[in-house]
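Everything below concerns the one structure shown next.
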Amino acid sequence: MSEEIKYEDSELYKIRHSAAHVMAQAVLGVFPEAKYTIGPPVKDGFYYDFELPRTLTPQDLKQIQKRMRKTLSRQYDFEKQVLSADEAREIFKNQPYKLELIAGLEAGGVDEYGEKLEGEVEISTYTHDNFVDLCRGPHVENTSQINAKAVKLMSIAGAYWRGDENNQQLQRIYGTAWNTKEELDAHLWQIEEAKKRDHRKLGKELDIFAFDEEVGPGLPLWLPNGAVIVEELEQLAKQMEREAGYKQVRTPHLTKEDLFIRSGHLPYYAESMYPPMEMEGGKYYIKPMNCPMHHKIFAARPHSYRDLPIRLAEYGTCYRYEKSGELFGLMRVRSMQMNDAHIYCSEAQFEEEFMAVIDLYMKYFKIFNIEKYVMRFSTHAKEGLGKKYVDNERLWLKTEDMVRQAMQNGGVRYVEVEDEAAFYGPKIDVQVWSAIGREFTLATNQVDFSVPAKFDLKFTNANNEDEIPLCIHRAPLSTHERMIGFLIEHYAGIFPVWIAPVQAVLIPITDDHLDYAYEVKKKLELLGMRVEVAADSGRMSAKIRKAQKKKVPYMLVVGDKEVEAGAVALRMRDGEDRGAISVDEFITLATKTIAERT
RNA sequence: GCCGACGUAGCUCAAUUGGCAGAGCAGUCGCCUUGUAAGCGACAGGUUAUGGGUUCAAUUCCCAUCGUCGGCUCCA
């Protein structure tokens, strides 16, 4: 990776940045009264945000693109000019957003996102043709370096000024730009391919989950096939957690408000919680997370340092009132089951416990063959102490160091991001991307050196004194919803045999072979396999096609020869025909594959 | 929640400028008895998301609600 040119320094970056200017010029051509804001390059393209007199239509996009092509057919230089704040103000006197940016640059070197700039700040403009934009570059030298056939405007969207929902909402136009038309076509093709593995599409095709308007948005229904996957994941988690010394607990879905007052979730988290129910004068909430319940379990009995660490695990069912626009298939829902656990330990035990959790992550990633992810280490920021972060710098630095040390000792690659921690401690998030490119936190591993105190959690240490334990919140398998959404896309629906909802389909060639098919099915089911018989009146090849579309791992064709020999003709879903093998041989092969989760 | 687009059979999609709502697949029932990705036929399937409005007439035009999608914000 390090040998590659950074995107920010690449030619493509300049092309996209420059294309954004050309687009802004075109928009101003159509709407002379438009206020333009910022327009940076992004992954695969660029955007530009505008305040416009009316909302844009797809027709407008065509017109804007046409104007862009006209500009790109000529040869205009991009000319940089460094100027004073006053000079800049004169040029952009009718552009309030630009004036705000100039003020930011002048005052303390704040960039277009409100982030601090390093070093000396100069104010500069880039001009091509008749269009001037406040910009620090870089750009291509001349518009002719942008291939008009490799630029395409993609969509119109709403966006808030400086990303703050309290600010003015602007209209954003997304575009994509490449070196050549071939690259553009390849990109568009890739988008189409990605849609095919979108979990919302595959989830429907493979009968994994469904939403129902009368049930409500963000409340998925697991169809039988989906429930199989849920069950397999739970069994995996329970097995791994048993081996790692966790104890299973179970807690209610409802709780009095007192619990969330103590935990500190109310009122700060209230807007993500379902409104309370009033019962006998008291308020009850549906839980948005399990931690307070687990803390109460820890507090339910006295503990000696000899008992620690105590690891409490639960696939807890939680409900969060996510804003309607934030819902996204299974990836972002309102009802969810978390692969949750809380580990209570002493400071001395912390590193080992944290490492063990990371180790568990790695085991899971190996099982699922997950390679494309980023571990994000989120730390506190000094300025936030006592505000968004618990005011205990010693423990922040100590636990952050412990986490850093554990990650480095384990040889785990991560990126460190300041000022992204939970309020109670640093954390490691595992970031992944959905098929259509949206980023998600799949798993999370958080240190908590604060909330245990709020719950008066304690254990008796070796000196016979009360001591507050540290707590590790961890969810390596995320929630069932997000994990399965992710797995559907990760495998493109071609699940490994152990989680495949249907593992084998018996395909009788004629009805004469039905009895034998059922006989084999029963034999396989006794071993715990999920098997179906294709008993419809179609041709064998039609039955294969059906099984193939459902991505069933094993297709077992049975005809006269197989009945005679006590065999099945094994066809794999990649099309490989393994010919006739004995039923016992198939059982050996299948049960081994399933048991090894390969 | 905000901005925009969209909503026709279980699924994927048709339906000239407002003029009788259709097809393929899936399903059911027959026939065929079949060797590695679609055998043939018949039947059934709809208050065009929901509720109002305009009109002689609305899937089509207008309004509201619900839902989905693309983004923003936010997140397991």
Side-chain angles (χ1 to χ4, degrees), chain A residues 47 49 52 55-58 60 154-174 195 198 200-201 204-205 207 210-218 271-272 288-290 316 318 320-334 336-340 429-432 436 438-446 473-483 485-486 507-514 536-549 555-562 569-573 575-580:
Chain A
Y47 68 80
D49 289 346
L52 300 172
T55 51
L56 290 166
T57 65
D60 294 324
M154 303 295 280
S155 60
I156 307 160
Y160 300 104
W161 168 237
R162 286 195 152 147
D164 185 337
E165 61 183 326
N166 300 312
N167 286 346
Q168 171 74 31
Q169 187 153 31
L170 306 165
Q171 295 191 67
R172 174 173 296 181
I173 303 176
Y174 277 98
K195 282 184 189 162
D198 189 313
R200 293 168 297 184
K201 182 176 162 67
K204 201 183 276 182
E205 286 171 6
D207 303 311
F211 288 97
D212 185 287
E213 280 199 27
E214 287 185 57
V215 176
E271 70 165 28
S272 295
M289 59 254 309
N290 306 300
C318 298
R320 296 181 185 175
Y321 197 85
E322 306 288 353
K323 292 179 190 170
S324 56
E326 295 166 349
L327 301 174
F328 178 67
L330 278 184
M331 299 294 217
R332 191 75 181 276
V333 291
R334 287 176 172 167
M336 69 207 84
Q337 262 185 289
M338 285 199 258
N339 172 230
D340 215 353
D429 287 329
V430 178
Q431 302 300 110
V432 297
I436 61 167
R438 223 180 271 188
E439 183 176 346
F440 285 97
T441 298
L442 188 68
T444 186
N445 188 12
Q446 312 178 345
H473 306 236
R474 44 112 280 182
L477 289 181
S478 192
T479 60
H480 278 319
E481 289 72 19
R482 188 169 286 182
M483 189 71 195
F486 171 78
I507 298 176
I509 288 178
T510 76
D511 291 352
D512 294 340
H513 312 114
L514 266 172
D536 60 275
S537 63
R539 293 279 158 315
M540 180 209 64
S541 57
K543 294 175 182 178
I544 285 178
R545 184 164 193 272
K546 273 185 198 169
Q548 197 77 49
K549 293 199 98 172
M555 281 158 267
L556 307 173
V557 180
V558 292
D560 286 340
K561 285 181 283 184
E562 287 74 21
L570 173 59
R571 179 194 158 99
M572 311 297 279
R573 63 189 149 177
E576 185 193 356
D577 182 357
R578 298 215 186 166

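Chain A is the first sequence line, chain B the second, and so forth, proteins listed ahead of strands; every chain is numbered from 1.
Taking atom P on both U59(B) and U47(B), the two are 13 Å apart, rounded to the nearest angstrom. Comparing the P positions of C3(B) and C61(B) gives an interatomic distance of 22 Å, to the nearest angstrom. Here the separation of G10(B) from G46(B), taken at their C1' atoms, is 13 Å to the nearest Å. Rounded to the nearest Å, the gap between the C1' atom of U28(B) and that of G52(B) is 39 Å. One C1' atom belongs to G39(B), the other to U34(B), and the distance between them is 9 Å to the nearest Å. Using P as the reference atom, A64(B) and G22(B) are 32 Å apart when rounded to the nearest Å. Nucleotides A9(B) and C43(B), compared at atom C1', are 15 Å apart to the nearest Å. When the P atom is used for both C62(B) and G19(B), the distance is 15 Å, rounded to whole Å.
Taking the nucleotide of RNA chain B with the nearest heavy atom to each of Pro58(A) and Met338(A), the more 5' of the two is matched to Pro58(A). A residue-by-residue look at Val558(A) and Thr444(A) shows that Val558(A) has its nearest nucleotide of RNA chain B further toward the 5' end.
Within 4.0 Å of Asp164(A), counting heavy atoms only, lies no atom of the nucleic acid at all. Residue contacts for Ala569(A): at a heavy-atom cut-off of 4.0 Å it reaches a base atom on one of the strands shown. Leu56(A) comes within 4.0 angstrom of no nucleic acid atom, judged by non-hydrogen atoms across all strands. Residue Lys204(A) is classed as a sugar-phosphate contact, given heavy-atom separations below 4.0 Å to backbone atoms only.
Between the base of U33(B) and the side chain of Asp511(A) there is a donor-acceptor pair shorter than 3.5 Å. A donor-acceptor contact under 3.5 angstrom links the side-chain atoms of Arg482(A) to the base of C75(B). Scanning atom types as modelled, no donor and acceptor separated by under 3.5 angstrom connect the side chain of Ser478(A) and the base of A76(B). Side-chain atoms of Tyr160(A) and base atoms of G71(B) include no donor and acceptor less than 3.5 Å apart. Between the side chain of Gln171(A) and the base of G71(B), no donor-acceptor pair of N or O atoms lies under 3.5 Å. A donor-acceptor contact under 3.5 Å is not formed by the side chain of Gln337(A) with the base of A76(B). Counting atom types as modelled, Arg332(A) pairs a side-chain N or O with a base atom of C74(B) as donor and acceptor under 3.5 Å.
Nearest to the side chain of Ser541(A), among C72(B), G39(B), U73(B), sits G39(B). Minimum atom distance to the side chain of Lys549(A) is reached by A37(B), of the listed A37(B), U36(B), G30(B). Nearest nucleotide to the Asp577(A) side chain, out of U36(B), A76(B), A38(B): U36(B).
Between the side chains of Arg162(A) and Tyr160(A), no donor N or O sits under 3.5 Å from an acceptor N or O. For the residue pair Gln431(A) and Thr441(A), a side-chain donor N or O sits within less than 3.5 Å of a side-chain acceptor on the partner.
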Query - Footprint string (nucleotides 64-70 of chain B, 5' to 3'): B base within contact, S backbone only, - free, heavy atoms under 4.0 Å - result: --SSSSB
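One finds no salt bridge joining Arg571(A) and Asp577(A) here, because no Lys/Arg side-chain nitrogen approaches an Asp/Glu carboxylate oxygen to under 4.0 Å. Taking the charged nitrogens against the carboxylate oxygens, Lys546(A) and Asp536(A) do have a contact shorter than 4.0 Å, which makes a salt bridge. Using a 4.0 Å cut-off between charged side-chain N and carboxylate O, Lys323(A) and Glu165(A) make a salt bridge.
Pairing for U68(B) goes to A5(B), judged as Watson-Crick or G-U wobble with the two contacts each under 3.5 Å. Pairing of C74(B), defined by two Watson-Crick or G-U wobble distances under 3.5 Å, is not identified with any nucleotide. When Watson-Crick and G-U wobble pairs are counted only if both distances are under 3.5 Å, G18(B) pairs with no nucleotide at all. For G39(B), the paired base is C31(B) (Watson-Crick or G-U wobble, both distances below 3.5 Å).
Within the cation-pi definition used here (under 6.0 Å to the ring centroid, within 45° of the axis), Arg482(A) does not qualify as a partner of Phe440(A).
Side-chain N/O atoms of Arg571(A) include one lying less than 4.0 angstrom from OP1 or OP2 on A37(B).
Counting heavy-atom neighbours within 6.0 Å of Glu576(A) CD, excluding the residue itself, gives a total above 12.
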Report task. Decide yes or no on side chain to side chain contact (heavy atoms under 4.5 Å, CB included) for Asn339(A) and Thr479(A), but give the supporting numbers first. Result -> CA-CA 6 Å; Asn339(A) 172 230; Thr479(A) 60; over 6 Å; no
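Rounded to the nearest 0.5 angstrom, Arg332(A) CZ and Leu327(A) CG are separated by 7.5 Å.
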